[in-house]
Amino acid sequence: MTITSNTGAEVAKAETIAVTVDGVGIEVPKGTLAIRAAELLGIEIPRFCDHPLLDPVAACRACLIEVEGMPKPQPACAQVLSDGMQIRTQQSSPVAREAQEGVMEFLLLNHPLDCPVCDKGGECPLQNQAMQVGRPTSRFEEDKRTFPKPISVSAQILLDRERCVSCARCTRFAEQIAGDPMLELLERGAKQQVGTATDEPFDSYFSGNTVQICPVGALTSAAYRFRSRPFDLVSVPTTCEHCASGCSLRTDSRRGTITRRLAWEDPAVNEDWNCDKGRFAFTYMAQGRITTPMVREDGALRPASWPEAIAIAARGLAQAGSGAGVLAGGRLTMEDAYGYARFARAVLGTDDIDFRARQSSDEEAQFLAARIAGTPATVTYEALERAPIVLLVSLEPEDESPIIFLRLRKASRRRPATVVAISPVRTRGMDKMAATWLPAAPGAEAGVLDEIMSGGSLAETSMAELRDRLQAPGAVILVGERAADVPGLLSAVARLADATGAGLAWVPRRAGERGALDAGALAGLLPGGRPLTDADARDAVARAWGIDAGSLPTAAGRHGTPLLQAASRGEVAALLVGGIEFADFPDPSLARAAVTATAFVVSLEQRHTEVTELADVVLPVAVVAEKAGTFLTWEGRPRPFGQVLREDLAMSDAGVLSMIAAELGQPSPGDVPALRRELGSLGPWSGARATTPGVPAQAITARAGITLASWRLLLDSGAMQEGEPHLAATARPTVARLSEATASHAGLAPAALVTVSGPRGSVTLPWEPAEMVDDVVWLPLRSPGCGVFADLGQVVGGEVAITPGGAA
Amino acid sequence: MPLTPVITEHWDAPDLYTIDGYRRFGGYRALQAALQQDPDAIIGTVKDSGLRGRGGAGFPTGMKWGFVPQNDGKAHYLVVNADESEPGACKDIPIMMANPHALVEGVIITSYAIRASHAFIYIRGEVPNAVRKVANAVRQAREAGLIGSNILGSGFDLEVVVHAGAGAYICGEETALLDSLEGYRGQPRLKPPFPAVAGLYASPTVINNVETIANIPYIIDRGVDWFRQFGTEKSPGFKVFAVSGHVNRPGIYEAPLGITMAELLDCAGGMRDGRPVKFWLPGGSSVPMLTAEHLDLPLTYEDMAAAGTMLGTGTPMLFDDTVSVVKAVTRWLEFYKHESCGKCTPCREGTYWITGMLERFEHGTGEPEMLETITSACLQIGGRSFCALGDAAATPYPAAMKFFRDEFIAATSTPVDETFDPVASYVFAGAAAR
């Protein structure tokens, strides 16, 4: 067995040993557990506590086997094999078989016979293995142990203690994988039970995984409990649409309704896990849907037929032509984003296109064009796990890319101090990753990076040592999309990566952003990272699209704030808008003004939004479960997925755009396979790329007021979390964070409220002391009761005022 | 065979528990001698003495010390298991109450030998007197410069922490004790790694019983030959036997290993009212019971093993013919059910089930087939559980069935309290009759 790196080079041949399982010889890597060796031979040993990604505990004793030379049967899940070891499983050892049957009998003694109403029934490891090694009739005549049921260990997770077999998978997951050890075994003996401390619920973004790995029906989710039977479900492998982590999921549906989503095993990406948002936030797909095309007539929208709406949209967009702009949004599949990118250039002849519905900058666009767009996945999850150092810049993985967080936590359990985070706040997530915190006020991050380059020192951390560590093979710098907030930061990141040779990856928050970038849904960039200004690139694209290269725009268009500003001045003739929300833009009123001031607006949307209210033509499009597609992970790894709700007739964005194009006599592919083929035929760009931006780090000028720090919490006011109250109840509370010194300077009383004021308004909310840079306040970007952009009218790194906000 | 009081020799001195009292009888002389020696020489002496662990398993003490990797640059720890909780076992607590300095001196010498600069004494929390006595002895030793830095000018530093447990039988299991000491919920740890490699705070750790450690000063002071004159080749030395049950003078009897139960019983004044021994256990409820026919067996590790039981803690419990074996076994299983930590399935579920079945027999409602069910349930626990405490729970019933099957059969129809008047078995019942 060899381990190969992602570059395909053979790095190490693992030392192997020869063992015998039931008389059959097999070579396995040194350190292999008996239960894994048996699996390799297709021998399934019963197990409950065993989980390949959790430390062995050998508690359930279901996997007892005979080991030559050992007087007592040994748990296969904890038995490390040594060379020449002979083991016998239930297949050839009566001792092992009897031991396993004995444990199974014990496990069933107190287990309730409620399989017909249990959520796990039909997909239950206890049920299945009882069939394999259980007695047909019970010898137990005493009273079964009972508990009041169920109890909530969090708003989402419910526990039926009488079903629990004390395997400790959930508690070990909480402690080892998530780093949220609020779930513990309590009491002892037959009274042993899983539980939480009083008033300390299982506060974890990853709690749903415990339901999935529970080998019985003890843990259930409020969202799915008693909703359906597993054998009634149709399961489809899918990819999570929430963030750029790109989790592999299994989506289960029954009669056209999604009932639940599970993490699906993918060792290269999410291993066996996902976050609660990916697991539970899917009800939005069924709510507030637009069911029919609509057109504006006499100032009001009215339902219209598809042919009528398409004709009106085509006419209006054709009139605007190259004067039109496209706001695609960051939640599209790669195929849909490609549809927008192609439609803008080939049909409208415009390059005014952007997928970034958030704070963005020219520097960022240039950075993405130079370093990210169309580049292969080199910095991968595996690379993170092996990296000697991972430097996080403007990225809080637990909130913004939870699977990166899990992988870094996994790495840090083996090698503490792998992660170094530049941030204004020392967070719980950093502690769970055993990260070194490099404090930096918002706006000062680029200066810190330059400090690393020059080898200075900051907050007792030797920058020279950091620089040396970044020069080690495999070192990684991860920069989040928030880096666009800070002028000069992405330039400094690229400088540092070039100077040290560290791998560099850009981590957007939304699932569609990396795919949209590679599909060319950004001004100046054609698919595959091709610069629009490069004639060869335009030729290649025109050939693939079957059009004359001369019809393509030759000058890079507008994007980001300049595009919105132009539209708000009425300088954009028409806007084609995908899924965006005004509140996501740093200046929501500008975004609204852009749509309002534009003469003709076509909105492709799933649900009724502020944009559809203002649009001239509204065309309903499919949600992710109603279409096939591909998301690119932050690594650049394609994650294709199939259609879950196959009877659904909703069309994807690309499908609708194809209809408009056809109406204009410019046929273009609209179905997923054709789009994939065409995009694939283009391939990545191998020619000259844009130059890396060289914006200097901005000097931090002393400021009398308080600087605003902010990012989005994983669970917040996002539209795609609507309709799932149990999930929302597990969100972190909306609180402001300040250092003790800043709070006392501002005269804030403990446990009181604070008012944070910006140019447009203020928010009043509870505050918590935090280890963070002085004279900085951190707010959740868009949580209930606190919308930084909309409520304060201030951007991250801007100046705000804090005043006592009264009693809590 | 005469008694050989060593640890118990001066227990009648009212101030033995103080450092002055202890010193009057030669206390801390061994420490001075030990600190002149190479630590490895002390380990060698203890190995040569053949001292075996007095906590129940009888593992050779010197060998255990030898497992600790030396010169590995890591912190080493000595942990004294003073969590004496076994039903019937009552010998560590008297040692700590009467002669705590023997324990403290042993701790200092042992720590020096295994290169530990921190030692912990984990005492059963339900016995505050013992905790106070040992804490006082540690304080006096520290004040006398025997604990702390540069002890007696030797350059050896040692801190001793006295820790009171919170009342769980499982915390007497050495790895559960370590978890408990570290502040976690006491449950046994997966081995390997063994404590000698990764014990307390993942550092090499020696865990010894109170009596084992209390032996050390005497072995160092008087030598291997002196020690080996007592006992047998495989079970050298003397033992603090705690005799309890229906004997006329229950108490502590320190005698050479190899003394027979009959001899020890004589020392204890024989059975009350001259009644016959019905069954007895050599060392706590975790060892299989024996009967009157085994009274002449020598109390050694090897002889007890040959008789199908274990010397265990060396605290014989003797029961006369007023006692229902069904009731005794039920009480023990109730104890194991109550004290099962819950970590592994066989012990957690098995003790719950067996106890329920045994209680039926106690009430005369057991069914004959159930006897085989209990037997097979015991077989499903023994050797299948996570730690030795599960094995212990599976021992009382099979041994009782071996000798007293008829009593269980009788209990399928008659409540045991009707067959055996419970009042007759009470200690005060006999006193009242007299």
Minimum heavy-atom distance between B/F386 and A/V57, given as atom pair plus value: CE1-O, 3.1 Å
Mind listing the closest non-hydrogen atom pair of A/S166 and B/G342 along with its distance? CB-O, 4.4 Å
Max heavy-atom pairs within cutoff under 4.5 Å with chain B, candidates A/A58, A/G102, A/A190, A/G189, goes to A/G189
Minimum heavy-atom separation for B/K343 and A/Q192, please, with both atom names. N-OE1, 4.0 Å
Face-on cation placement of B/R348 at A/F106 ring, 6.0 Å and 45° thresholds: no
Carefully, step by step, assess A/E98 and B/R384 under the rule salt bridge (Lys or Arg N to Asp or Glu O under 4.0 Å). CA-CA 10 Å; A/E98 279 162 28; B/R384 274 79 173 134; 5.4 Å; no
Is there a side-chain contact between B/Q380 and A/E101, using heavy atoms and a 4.5 Å cut-off? no
Which pair of non-hydrogen atoms, one from A/R61 and one from B/S385, has the smallest distance, and what is that distance? NH2-O, 3.0 Å
Taking every heavy-atom pair that is under 4.5 Å apart, which of A/L64, A/V103, A/D143, A/L185 has the most such pairs with chain B? A/L185
Rounded to the nearest 0.5 Å, what separates atom CG in A/N110 from atom OH in B/Y352? 4.5 Å
Would you mind checking which part of A/Q74 comes under 4.5 Å of any heavy atom in chain B, side chain (CB onward), backbone (N, CA, C, O), both or neither? neither
Distance, nearest 0.5 Å, that separates CD of A/E184 from OH of B/Y184: 10.0 Å
From CA spacing to verdict: salt bridge (Lys or Arg N to Asp or Glu O under 4.0 Å), B/E339, A/R188: CA-CA 7 Å; B/E339 292 294 343; A/R188 71 181 183 215; 3.1 Å; yes
Is the backbone N or O of A/L107 less than 3.5 Å from a side-chain atom of B/T345, with the two atoms forming a donor-acceptor pair by type? no
I need the minimum non-hydrogen distance between B/L190 and A/P56, along with the two atoms involved. CD2-O, 3.7 Å
Heavy-atom closest pair (B/G383 atom, A/P73 atom, distance to 0.1 Å) is O-CD, 3.6 Å
